[in-house]
S.K.: 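Mind having a look at this structure? Questions to follow.
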Amino acid sequence: MWCDGSVTSLPSTTSLVDLATRLALGAGELIRTHRHDHFAVDTKSTPTDVVTEVDRGVEAYIRDELGRQRPDDAVLGEEAGGRSGTSGVRWFVDPIDGTVNFVLGLPQYAVSIAAEVDGRIVAACVHNPISGELFHATLGGGAFEGDRPLPGPREVPLTRAVVGTGFGYDSARRARQAAVAAELLPRIADIRRLGSAALDLCAVAAGRLDGYYEVGLNPWDWSAGVLIAGEAGCVVSGLRERAPGGRMTAVAGPKLASELFALLEELGADDV
Ligand code: IPD
Ligand code: CA
């Protein structure tokens, strides 16, 4: 139970997205400052699932700021876990989504922050501190890159679709994911594995990828990007009429979605 008390008055989605944006920009500045340091790198669930002291430091910064500015909110962060609250608001924080890219110096990673109220994500911000891209959305309020409304997904036939995906850290699951990708590849235009789920979701929202799917994401990976994609007009699904989430997060424009999701179901992409 992450909410311990009775909820009195809830903040506006605008105030939540403003705070998420300020924190993501502050976190991005920290990342830029430390990205060339000789930082320590540890492993987590498998030897290829890495975390750096920059990830931990950036999450600590975000949690400290949340604690100062909204002390009664709950928080679930990738590196430091959960903290319960009484306000009815819960934050999902990924200090660096795309840590492998960060370690390698590939500029495709992001700070991802989302706010949930009553089980629904209502405000979200995804910020790539190297490109400067800043995606944000509020529930019912649209999705933006900076001040510009996101155009939403391109609509192309399945055979022309460029689809992003990702692979988990467990090698047995990766083998099954690769088998699905091998079946999918001849039936679409191409696949991209860019290395940050949050940015992949924003790329579909921005019309830069036509679709995206991945199994095994955690709430800090998908919460912000799913709101941004949904608010940009994407269909966001877990396949087989399930909600998007850890079992499957699949996104595409409305026309492509029916074809792509049916193919993913046929290939058992959610059963790996
Ligand atoms: C990872 C990235 C990656 C996805 C993995 C995630 P992390 O997040 O989003 O693209 O394929 O499933 O775990 O570990 O870099 O925060
Ligand atoms: Ca991360």
Side-chain angles (χ1 to χ4, degrees), residues 23-24 27-28 30-31 34-35 39-63 75-82 91-114 124-130 133 135 163-178 180-181 184 191-205 208-209 211-226 228-229 238 244-251 269-270 272:
L23 296 180
L30 262 181
I31 293 169
H34 293 289
R35 71 190 158 123
F39 46 75
V41 182
D42 292 332
T43 58
K44 299 191 288 186
S45 60
T46 73
T48 54
D49 181 7
V50 292
V51 57
T52 74
E53 61 182 301
V54 182
D55 296 69
R56 292 189 174 122
V58 171
E59 183 166 324
Y61 157 79
I62 295 169
R63 294 173 85 102
V75 182
L76 180 63
E78 177 168 14
E79 313 307 345
W91 296 88
F92 294 108
V93 176
D94 192 341
I96 302 180
D97 182 60
T99 300
V100 172
N101 285 346
F102 173 72
V103 170
L104 293 170
L106 291 168
Q108 181 75 1
Y109 50 86
V111 183
S112 176
I113 302 176
C125 181
V126 172
H127 172 47
N128 178 333
I130 307 306
E133 291 160 309
F135 302 95
V163 176
T165 191
F167 305 108
Y169 293 115
D170 172 73
S171 64
R173 172 173 267 184
R174 293 167 73 81
R176 296 192 295 275
Q177 289 174 315
V180 170
L184 180 65
I191 281 181
R192 293 289 181 275
R193 198 298 188 236
L194 300 174
S196 162
L199 289 174
D200 290 337
L201 289 160
C202 293
V204 184
R208 298 170 194 161
L209 281 178
Y212 164 77
Y213 73 98
E214 184 163 353
V215 169
L217 294 179
N218 290 295
W220 48 81
D221 299 312
W222 60 261
S223 295
V226 157
I228 292 165
R247 172 142 184 199
M248 169 58 81
T249 306
V251 182
D270 54 343
V272 297

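For ligands, and for the atoms within them, numbers begin at 1 and follow the listed sequence. Throughout, numbering of the chain's residues begins at 1 and tracks the sequence. Both backbone and side-chain heavy atoms feed into the values below; hydrogens, waters and symmetry mates do not.
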S.K.: Counting each atom of ligand 1 from 1 as listed, which ones have a heavy atom of Ser196 under 4.0 Å away?
M.R.: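 Near Ser196, meaning under 4.0 Å from one of its heavy atoms, ligand 1 has 9 (O), 10 (O).
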S.K.: Measuring to the Ca ion (ligand 2), does Glu78 have an N/O/S atom at a distance below 3.0 Å?
M.R.: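 Yes, Glu78 qualifies, because one of its backbone or side-chain N, O or S atoms lies under 3.0 Å.
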S.K.: Rounded to the nearest 0.5 Å, how far apart are CG of Leu201 and CD1 of Ile228?
M.R.: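 Here the interatomic distance stands at 8.5 Å.
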S.K.: Tell me the closest heavy-atom pair linking Ala114 and Ala224, and the distance in Å.
M.R.: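 Minimum heavy-atom contact is CB-N, 3.6 Å.
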S.K.: Over all heavy atoms of both residues, which pair between Phe135 and Arg208 is shortest? Give the atoms and the distance, please.
M.R.: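 Heavy atoms of Phe135 and Arg208 come nearest at CZ-NH1, 3.6 Å.
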S.K.: Kindly confirm whether the Ca ion (ligand 2) is within less than 3.0 Å of some N/O/S atom in Ile96?
M.R.: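 For Ile96, the answer is yes, given that an N, O or S atom comes within less than 3.0 Å of the Ca ion (ligand 2).
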S.K.: Do you know the tightest heavy-atom contact between Val180 and Tyr213?
M.R.: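 Result for this residue pair: CG1-OH, 4.2 Å.
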S.K.: Gly168 near ligand 1, heavy-atom distance under 4.0 Å?
M.R.: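 In this structure, Gly168 fails to qualify as a contact of ligand 1 - no heavy atom is under 4.0 Å.
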S.K.: Below 4.0 angstrom from a heavy atom of Leu217, which ligand 1 atoms are there? Numbered from 1 as shown, please.
M.R.: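 Heavy-atom distances to Leu217 below 4.0 Å select 12 (O).
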S.K.: Using a 4.0 Å cut-off to any heavy atom of Glu78, which atoms of ligand 1 qualify?
M.R.: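 By the 4.0 Å cutoff, the relevant atoms are 14 (O), 16 (O).
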S.K.: Main chain of Ala110, side chain of His127: is a donor-acceptor contact present, judged purely on distance under 3.5 Å?
M.R.: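 Not confirmed, His127 side chain does not pair with Ala110 backbone.
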S.K.: N/O of Ile96 under 3.5 Å from N/O of ligand 1, yes or no?
M.R.: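 It does: an N or O of Ile96 is found under 3.5 Å from an N or O of ligand 1.
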S.K.: So for ligand 1, is Arg193 a polar contact partner (N or O within less than 3.5 Å, distance only)?
M.R.: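 Indeed, backbone or side chain, Arg193 has an N or O that close.
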S.K.: Considering the heavy atoms of Thr99, write down every atom of ligand 1 situated less than 4.0 Å from one of them.
M.R.: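 Reading through ligand 1 atom by atom, the close ones are 15 (O).
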S.K.: Closer than 4.0 Å to some heavy atom of Gly195 - which atoms of ligand 1 meet that?
M.R.: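 Result: 2 (C), 3 (C), 10 (O).
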S.K.: Where do Thr165 and Phe167 come nearest, in terms of heavy atoms and distance?
M.R.: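 Distance-wise, the nearest heavy atoms are CG2-CZ, 4.0 Å.
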S.K.: Hey, which atoms in ligand 1 end up nearer than 4.0 Å to a heavy atom of Phe167?
M.R.: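 Under 4.0 Å from Phe167, ligand 1 has these atoms: 11 (O).
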S.K.: Less than 4.0 Å is my threshold; does some heavy atom of Gly216 fall inside it relative to ligand 1?
M.R.: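 Contact absent.
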S.K.: Among side-chain atoms of Ser196 and Asp97, is any donor-acceptor pair under 3.5 angstrom?
M.R.: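 Judged by distance alone, the side chains do pair up.
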S.K.: Drop me the distance from Glu79's CD to Lys44's NZ, to the nearest 0.5 angstrom.
M.R.: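 Those atoms lie 3.5 Å apart.
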S.K.: Identify the heavy atoms of Pro95 and Glu78 that sit nearest to each other, and give their distance.
M.R.: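 Answer, listing the atom of Pro95 first, then Glu78: CD-CB, 4.4 Å.
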S.K.: So, Asp94 and the Ca ion (ligand 2): N/O/S under 3.0 Å, yes or no?
M.R.: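 It does: Asp94 brings an N, O or S atom closer than 3.0 Å to the Ca ion (ligand 2).
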S.K.: Does Ala197 reach ligand 1 with a nitrogen or oxygen that is under 3.5 Å from one of the ligand's nitrogen or oxygen atoms?
M.R.: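 Right, the criterion is met.
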S.K.: Are Tyr169 and ligand 1 in contact, using a heavy-atom cut-off of under 4.0 Å?
M.R.: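 Judged by the 4.0 Å heavy-atom criterion, Tyr169 does count as contacting ligand 1.
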S.K.: Could you measure the distance from the CG atom of Leu104 to the OG1 atom of Thr99? Nearest 0.5 Å is fine.
M.R.: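 Nearest 0.5 Å value for the CG-OG1 distance: 10.5 Å.
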S.K.: If only atom types and distance count, is the side chain of Asp270 paired as donor or acceptor with the main-chain N or O of Arg247 below 3.5 Å?
M.R.: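 Not confirmed, Asp270 side chain does not pair with Arg247 backbone.
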S.K.: Looking only at distance, does Asp49 have an N or O less than 3.5 Å from an N or O of ligand 1?
M.R.: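 Not met; the criterion fails.
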S.K.: To check your reading of the model: name the closest protein heavy atom to atom 11 (O) of ligand 1, its residue, and the distance in Å.
M.R.: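 Residue, atom and distance for the closest contact: Glu214 OE2, 2.6 Å.
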S.K.: Taking all non-hydrogen atoms of both residues, which atom of Val215 and which atom of Ala269 are closest, and how far apart?
M.R.: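 In this case the closest contact between Val215 and Ala269 is CG2-O, 3.0 Å.
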S.K.: At a 4.0 Å threshold, what atoms of ligand 1 neighbour a non-hydrogen atom of Asp97?
M.R.: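 So the atoms of ligand 1 that pass are 1 (C), 2 (C), 7 (P), 8 (O), 9 (O), 15 (O), 16 (O).
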S.K.: Show the atoms of ligand 1 that are less than 4.0 angstrom away from any heavy atom in Gly166.
M.R.: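 Atoms satisfying the 4.0 Å criterion: 11 (O).
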